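First comes the structure, then the notes that go with it.
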2 protein chains.
Amino acid sequence: MPTADTILRAFDDAGYRVTEPRRRLADLIGRQSGHFTADDLIAESRRRHLGVGRATVFRSLDVLAELGVVERLDLPSGDHALVACEAAHHHHVVCSRCGRSTDIADSGLAAIIADVGRRSGYQIDSHRLELFGLCPSCQARPAG
Amino acid sequence: MPTADTILRAFDDAGYRVTEPRRRLADLIGRQSGHFTADDLIAESRRRHLGVGRATVFRSLDVLAELGVVERLDLPSGDHALVACEAAHHHHVVCSRCGRSTDIADSGLAAIIADVGRRSGYQIDSHRLELFGLCPSCQARPAG
DNA sequence: GTTTTTGCAAACCATTTGCAGGGTC
DNA sequence: GACCCTGCAAATGGTTTGCAAAAAC
């Protein structure tokens with residue numbers, strides 16, 4: 001889970017300018033515990049009078065998603081959300097109650113993909129795996 | 001890939017009424033070769049003067065998605081689409097060029113999920129796996 | 001100084017909803 | 001005949017865009 005600093009460095013390293021709105025946004029993202037939406041950030045920016053506008057939030061999230069610092073999630077409910085994460089190909093287990101997410105390794109997935117490719121004849125070049133369930137602390141604290 | 005008949009039977013079996021608009025929609029869906037959007041169906045309904053309205057398309061797709069006859073897809077591009085498929089839990093390989101999709105079996109995925117659950121401590125209760133790549137015929141017909 | 005980035009507000013687009021009329025069982 | 005379903009048009013909600021001013025390099 002990147003900190004605000006990591007996010008700013010990502011902007012910088014990729015040749016984007018480090019601006020005040022981006023600093024504030026990075027901070028906002030760093031504070032998110034689970035998954036979040038553009039709207040969450042916009043609302044919080046407004047609530048705390050940070051002056052970061054809608055457009056900036058969306059534009060920055062686009063960049064961050066492209067840089068892999070943030071990843072778009074498609075929840076089982078059909079809703080969309082984002083999670084901050086390390087840049088590198090990986091997958092998530094997402095808590096269906098609190099939204100917290102954990103990165104997971106491929107642990108055997110590559111073999112499955114190769115197998116599917118062989119059987120189906122497809123030349124597979126990208127994939128996505130998303131797991132959903134209760135995280136340890138939500139299991140410990142039944143019902144909500 | 002269900003035919004129009006299969007789709008109508010799904011409506012019927014689930015206690016929904018088999019109406020003229022639904023007949024036409026089922027036919028439209030049956031004609032789709034790859035993935036498609038609600039808008040594709042609406043446009044085609046209009047083009048062919050079938051008189052199936054927006055609302056009906058969306059409402060019916062909702063039902064069909066719930067029945068599992070149609071499945072929502074999240075493409076790597078971020079776009080959304082639908083595919084007609086057999087009702088049962090499964091996954092897809094989707095052609096990144098023509099959109100055609102093939103169902104695949106779990107072939108070992110269950111073991112991976114169990115493993116991830118063990119390692120992460122999450123109580124995993126749902127998952128989604130989507131694979132993307134070139135289907136055999138698009139491989140045979142390079143560039144497009 | 002040049003180029004990127006910003007905020008605002010308006011534009012967009014896909015999807016949803018309210019409702020009165022019509023079709024299905 | 002009761003209830004479900006439909007089309008329409010208006011409402012919605014999230015995301016994008018045009019633009020002139022401001023900030024970064």
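Just so it is clear, the structure is predicted and the values come from calculations on it, not from any experiment. Throughout, a chain's letter reflects where its sequence line sits, starting with A, and its residues are numbered from 1.
Remark: H127(A) engages H89(A), H91(A) in a ring-ring contact (aromatic ring centres under 6.0 Å, His included) (not counting sequence neighbours). Residues forming a salt bridge (Lys or Arg N to Asp or Glu O under 4.0 Å) with E20(A) (at least two apart in sequence, or on another chain): R23(A), R24(A). Residues that satisfy the side chain to side chain contact (heavy atoms under 4.5 Å, CB included) test with S107(A), not counting sequence neighbours, are I112(B), D115(B), V116(B), R119(B). Listed by chain and residue number, E71(B), C85(B), H92(B), D103(B) satisfy the side chain to side chain contact (heavy atoms under 4.5 Å, CB included) test with H90(B) (two or more places apart in sequence, or in another chain). For R59(B), the side chain to side chain contact (heavy atoms under 4.5 Å, CB included) criterion is met by A55(B), not counting sequence neighbours. The side chain to side chain donor-acceptor pair (under 3.5 Å) search around D62(A) returns R72(A), not counting sequence neighbours.
Within residues 57-75 of chain B, the residues that have a heavy atom under 4.0 Å from DNA chain C are, in order of number, F58(B), R59(B).
One interatomic measurement links the two molecules: CG of L41(B) to C1' of dT15(C), which rounds to 14 Å at whole-angstrom precision. The CZ-C1' distance, from R46(A) to dT6(C), rounds to 16 Å in whole Å. R22(B) has its CZ atom 6 Å from the C1' atom of dC5(D), to the nearest Å. Taking atom CZ of R24(A) as the reference point, atom C1' of dT5(C) lies 15 Å away to the nearest angstrom. Atom CG of L82(A) and atom P of dG14(D) are 13 Å apart (whole Å). Whole-Å rounding puts the I42(B) CD1 to dT16(C) P distance at 11 Å. A straight line from NE2 of H80(A) to P of dA14(C) spans 14 Å, rounded to a whole angstrom. Protein atom CZ of F36(A) is 16 Å distant from nucleotide atom P of dG14(D), rounded to whole Å.
Looking at T6(B), its side chain does come within 3.5 Å of a backbone N or O of T3(B) through a donor-acceptor pair. Panel note: side chain E66(A), backbone L61(A); no donor-acceptor pair is recorded below 3.5 Å. Under a 3.5 Å cut-off, the side chain of S45(B) and the backbone N or O of L41(B) do not form any donor-acceptor pair. When atom types are taken as modelled, the side chain of R97(B) and the backbone of L134(B) share no donor-acceptor pair closer than 3.5 angstrom. Judged by distance alone, with hydrogens and angles left aside, the side-chain atoms of R100(A) form no donor-acceptor pair with the main-chain N or O of C95(A) at under 3.5 Å.
If one axis is set at each end of the helix from dG1(C)-dC25(D) to dC25(C)-dG1(D) from five pairs, those axes are 40° apart, to 10°.
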Dump the pairs, protein N or O against N or O of nucleotides 9-13 of chain C, anything under 3.5 Å, distances to one decimal.
none

Restricting to nitrogen or oxygen on both sides, can you table the protein-nucleotides 21-25 of chain D pairs closer than 3.5 Å?
unit_1	atom_1	unit_2	atom_2	d
dA24(D)	N3	R17(A)	NH1	3.0

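Screening residues 8-17 of chain B for side-chain hydrogen bond (donor to acceptor under 3.5 Å, both in side chains) gives no qualifying pairs among residues at least two apart or on separate chains.
Counting Ile, Leu, Val, Met, Phe, Trp and Tyr side chains that sit under 4.5 Å apart, directly or through other members, V94(B) shares a hydrophobic cluster with L73(B), L75(B), V83(B), F132(B).
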